[in-house]
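Here the structure is a predicted model, which means the values were calculated and not measured.
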Amino acid sequence: MNYQQYAPQYAQSASYEAYQHDGKSAETRNLKPGELSTGTTIMAIPFAGGVIMGADSRVSTGTYVANRVSDKVAQLHDSIWCCRSGSAADTQALTDYVRHYLSQLA
């Protein structure tokens with residue numbers, strides 16, 4: 001799109017170039033060729049008394065939000081937790097297996 005036709009007075013200024021958009025979101029702007037953003041946000045922050053874990057709750061399929069209320073932080077044992085990211089079915093199955101095997105060892 002030629003922005004000069006809409007705002008010719010800004011076309012020559014340095015600040016005009018700063019407002020040009022490359023069409024990429026902030027999340028995908030720094031991806032390397034072949035990399036794909038899954039869009040999941042998970043985090044863990046250590047502190048003196050333990051760890052605080054958090055995650056978003058949306059499950060998406062491309063740009064479609066398939067489920068808005070998903071629990072991506074799963075308890076595996078009394079004091080073992082994990083954050084899930086990726087295929088919801090696969091990560092759910094994996095955490096179920098780990099939870100089962102940990103209960104056998106406890």
Side-chain angles (χ1 to χ4, degrees):
M1 175 177 246
N2 184 359
Y3 295 98
Q4 293 178 358
Q5 67 183 354
Y6 299 110
Q9 68 273 24
Y10 299 114
Q12 302 303 320
S13 69
S15 63
Y16 174 75
E17 294 300 322
Y19 293 105
Q20 298 260 343
H21 194 273
D22 60 3
K24 297 179 180 178
S25 69
E27 182 181 89
T28 60
R29 188 168 288 124
N30 296 318
L31 292 177
K32 295 177 182 134
E35 289 183 335
L36 177 67
S37 172
T38 60
T40 295
T41 302
I42 56 175
M43 59 187 268
I45 303 171
F47 70 103
V51 178
I52 297 174
M53 299 173 72
D56 68 330
S57 63
R58 290 197 268 179
V59 176
S60 60
T61 306
T63 58
Y64 174 72
V65 176
N67 185 355
R68 293 184 354 185
V69 189
S70 176
D71 191 8
K72 294 182 183 179
V73 179
Q75 185 174 11
L76 301 175
H77 203 266
D78 296 337
S79 60
I80 302 174
W81 295 72
C82 76
C83 291
R84 300 185 300 123
S85 174
S87 168
D90 291 340
T91 59
Q92 181 65 50
L94 183 62
T95 55
D96 288 345
Y97 282 126
V98 171
R99 187 180 300 119
H100 171 74
Y101 286 117
L102 284 173
S103 70
Q104 299 298 313
L105 298 172

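Contacts classified as salt bridge (Lys or Arg N to Asp or Glu O under 4.0 Å) and involving residues 82-98 (residues at least two apart or in different chains) are given here: Asp96-Arg99.
In plain terms, the two heavy atoms of Met53 and Cys83 that are nearest each other are CE-SG, 3.2 Å. Annotation for Ser85 and Thr91: closest pair O-CG2, 3.4 Å, computed over non-hydrogen atoms. Taking both residues in full, the closest heavy atoms of Val73 and Gly54 are given as CG2-C, 4.2 Å, listed atom of the first, atom of the second, then distance.
Under the 4.5 Å side-chain heavy-atom criterion for grouping Ile, Leu, Val, Met, Phe, Trp and Tyr, Val51 is connected to Trp81 within one hydrophobic cluster. Ile80 and Val98 fall within the same hydrophobic cluster, defined by Ile, Leu, Val, Met, Phe, Trp and Tyr side-chain heavy atoms under 4.5 Å apart, directly or through other members.
Note that CG of Leu102 and OG1 of Thr95 are 11.0 Å apart. Values are rounded to the nearest 0.5 Å.
The number of heavy atoms from other shown groups lying within 6.0 Å of OH (Tyr97) does not exceed 12.
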